[in-house]
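Working notes, structure below.
Order of the sequence lines sets the chain letters (A, B, ...), proteins ahead of strands, with each chain counted from 1. In this text, all values refer to a predicted model and were calculated from it rather than measured experimentally.
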Amino acid sequence: MWVTVTEALKILQSAPKEASADFEVLLACGFTPLHLQTFLAAHLQRHLRERWVRISTGLYGDLVGTIESLAGRPAQGAAIVLEWPDLDPRLGYRTSGSWGQEALGDILPAARAMLQRIGAAIERIPPGSKVAVCPPTLPLPPLFHTAGWQAGEAELELEQSLAEFCAAIGSRAGVLVVNSRRLAEESPPIQRFDLKSDLLTGLPYTVPHADAVGGSLARLLAPRMPKKGLITDLDDTLWSGIVGEVGPEGVSWDLASHQALHGLYQRLLASLSGQGVLVGIASKNDPAIVERAFQREDILLKPEHVFPVEVHWNAKSGSVERILGAWNIAADSVVFIDDSPMELAEVAAAHPGIECILFPKGDYAASHAVFRRIRDLFGKDRLSDEDALRLASIRQGAAFRQSGEDGAAPESFLQQVKAVVSFDFGLSTADPRVLELVNKTNQFNLNGIRYTEADWAAELAQTGAFLGVVSYQDKFGPLGKISVIQGRAAGDTLRVGTWVMSCRAFARRIEHQCLRVLFDRCGARQMEFALTPTAKNAPLQEFFRGVSGEKPEGPVVLTREQFCEKCPPLYHEVTERQENRSE
Amino acid sequence: MNEIQPRLVKCFQTVFPDLREAEIPSASQASVSAWDSVAAITLVNVVEDEFGIQMDFDLLPELDSFDRVLEYLQKEVV
């Protein structure tokens, strides 16, 4: 059990009641929520320390009605907990409806119809609310003619209907489904059901199971930020053997050599790279030998999956430093994997916050645990087009910087890169990449404010709201969506509450172009920026120092004249569009 | 046995945070509006956590005041 009832209550009592923002969640279940409500609130509160979590519930036995109520009073989140009696009361213990073969003929279509109703109710939840759904977790009652160890036809049909329902709702943006297999690891099925509590209080869960379900839902509604990059060692990690001793043909990672653990690790890294995770290499080795190893046809992690590659005989902390620089991300967004505890300690000491994992060479069980941990560290609920572009754009950025350093003057270099900056001013909440960019960006971020989907939808619904989503490409390739600027027009002033730009897009004067386009498009006399200096947004502070002439201490007002006076020459081709609002 | 009362007061503070410490020894289901059926079950769980015992839901109707819970614990907790 993660927390006890007492600990959960204490977490809730220490919540910041004066918090600037609430996090309101509707818990929809057909039974008495009791401890489930307490645990859900406590787990959410632990994830969202700066907010005050508030949970509301619906009427006993009216799951669909509770879900439908969200259409009229949207919340930041909805936690929907299904149990079998929600599909038909005869699938539970609290009604006197008959069991048996005859009843089953009626129960199955009734359950399918109820799943359709629940699915339709979920469809009607406004898009600003994040929805977490937990499929039934309790054993079915003994109403089937088969013995408990045999899955009978009716039971399988029921499971199939449920699986189809979960697949359908899970494909909807903003709806996330609890992984039943993972939940079974944390809360073994035999320890979940409390018949006495079900009959006497209406809560069918044991206390530990209520805790596990609450925790699972909280992880979906308030997920931690996924890691962005993975730096790996080579010898006895990416492959078995010391390549400098046995040569490129001597290292192995396949089943035939009994070194498939390393092959699995390569497959996992290649898969992560394809999902937009940055993969780099830090190895003490001879670079020429390593290059030959990567030329082997059977290698599973191909050179194009990896950037940068730091192979030399110097300290790995230095390699990590340079890789972080190339990626332009902080150590706390990165995982470092090596088979040497000493190397891990050296890197950890130099880069506080980096997550160091020992590659357990030769230990199959421990390796399996590491692979699962890696999945959890990098897991994200949806992939975006930008995920596929990320590694290419990092390489592009390196090429961009390299070209700029190869003798061309900055101005002539910027003139030659054929940059296109595209603005989309549609007020849409449909693209999850926009909010992801807002919530993940630290360095060029106006104030570091993180938004829930509901917060964001509320911002865009304000009178005079505007939203600019900026994409970029040049002769080195596309960077995808790299900046978001959002605020409100008030008279001749634009009030900017959110402005972020990916660090991949620095040094291209895109930030200047953003302001120039906004001034031109809106005809504003001035812009007010809700700037809050943070420990991480020094690049944005430096930008404002450049255009306003002084280091900002808080909110900044910038007039059109001030901006035009300080704005350097811009060489981008600019495109603008405004799509219709689509929610 | 003397240690039971202050530990039980802590339990009541956890479940009924709005109750002043001085009010707790005289608290009962009749005098504390927040002491509903949900709070009664929560109180049982918190007492279980604190004293490392298992309590039966059947006892809920009887454990309707601080004194009665204290009396129960004085019998059950060694």
Chain A neighbours within residues 28-48 of chain B, where any heavy atom lies under 4.5 Å away: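 Hits under 4.5 Å: B:Val38, B:Ile41, B:Thr42, B:Asn45, B:Val46.
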Residues 55-68 of chain B: residues contacting chain A (heavy atom under 4.5 Å, by number):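 Listed by number: B:Asp56, B:Phe57, B:Asp58.
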Should we say atom [atom1] of [X] is surrounded by more than 12 heavy atoms from elsewhere, each under 6.0 Å from it?
X: A:Leu195; atom1: CG; answer: yes
X: A:Arg117; atom1: CZ; answer: no
X: A:Gln13; atom1: CD; answer: yes

Would you tabulate the side-chain donor-acceptor contacts of residues 7-18 of chain B under 3.5 Å, counting partners in other chains and residues two or more places apart, or write 'none'?
residue, atom, partner, partner atom, Å
B:Arg7, NE, B:Glu50, OE2, 2.9
B:Arg7, NH2, B:Glu50, O, 2.9
B:Thr14, OG1, B:Lys10, O, 3.0

Can you tell which part of A:Ser197 gets under 4.5 Å to a heavy atom of chain B, answering side chain, backbone, both or neither?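 Both backbone and side chain of A:Ser197 come within 4.5 Å of chain B.
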For each of A:Glu7, A:Lys196, A:Lys10, A:Gln37, tally heavy-atom pairs with chain B at distances under 4.5 Å, and name the one with the top tally.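 Most heavy-atom pairs within the cutoff with chain B belong to A:Lys196.
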Kindly write out the residues that satisfy ring-ring contact (aromatic ring centres under 6.0 Å, His included) with A:Phe31, not counting sequence neighbours, or none if the list is empty.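 For A:Phe31, the residues satisfying ring-ring contact (aromatic ring centres under 6.0 Å, His included) (neighbours in sequence not counted) are A:Tyr205.
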Sub-3.5 Å donor-acceptor pair from the side chain of B:Asp49 to the main-chain atoms of A:Thr4, do we have one?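 Looks like no, no N/O pair under 3.5 Å.
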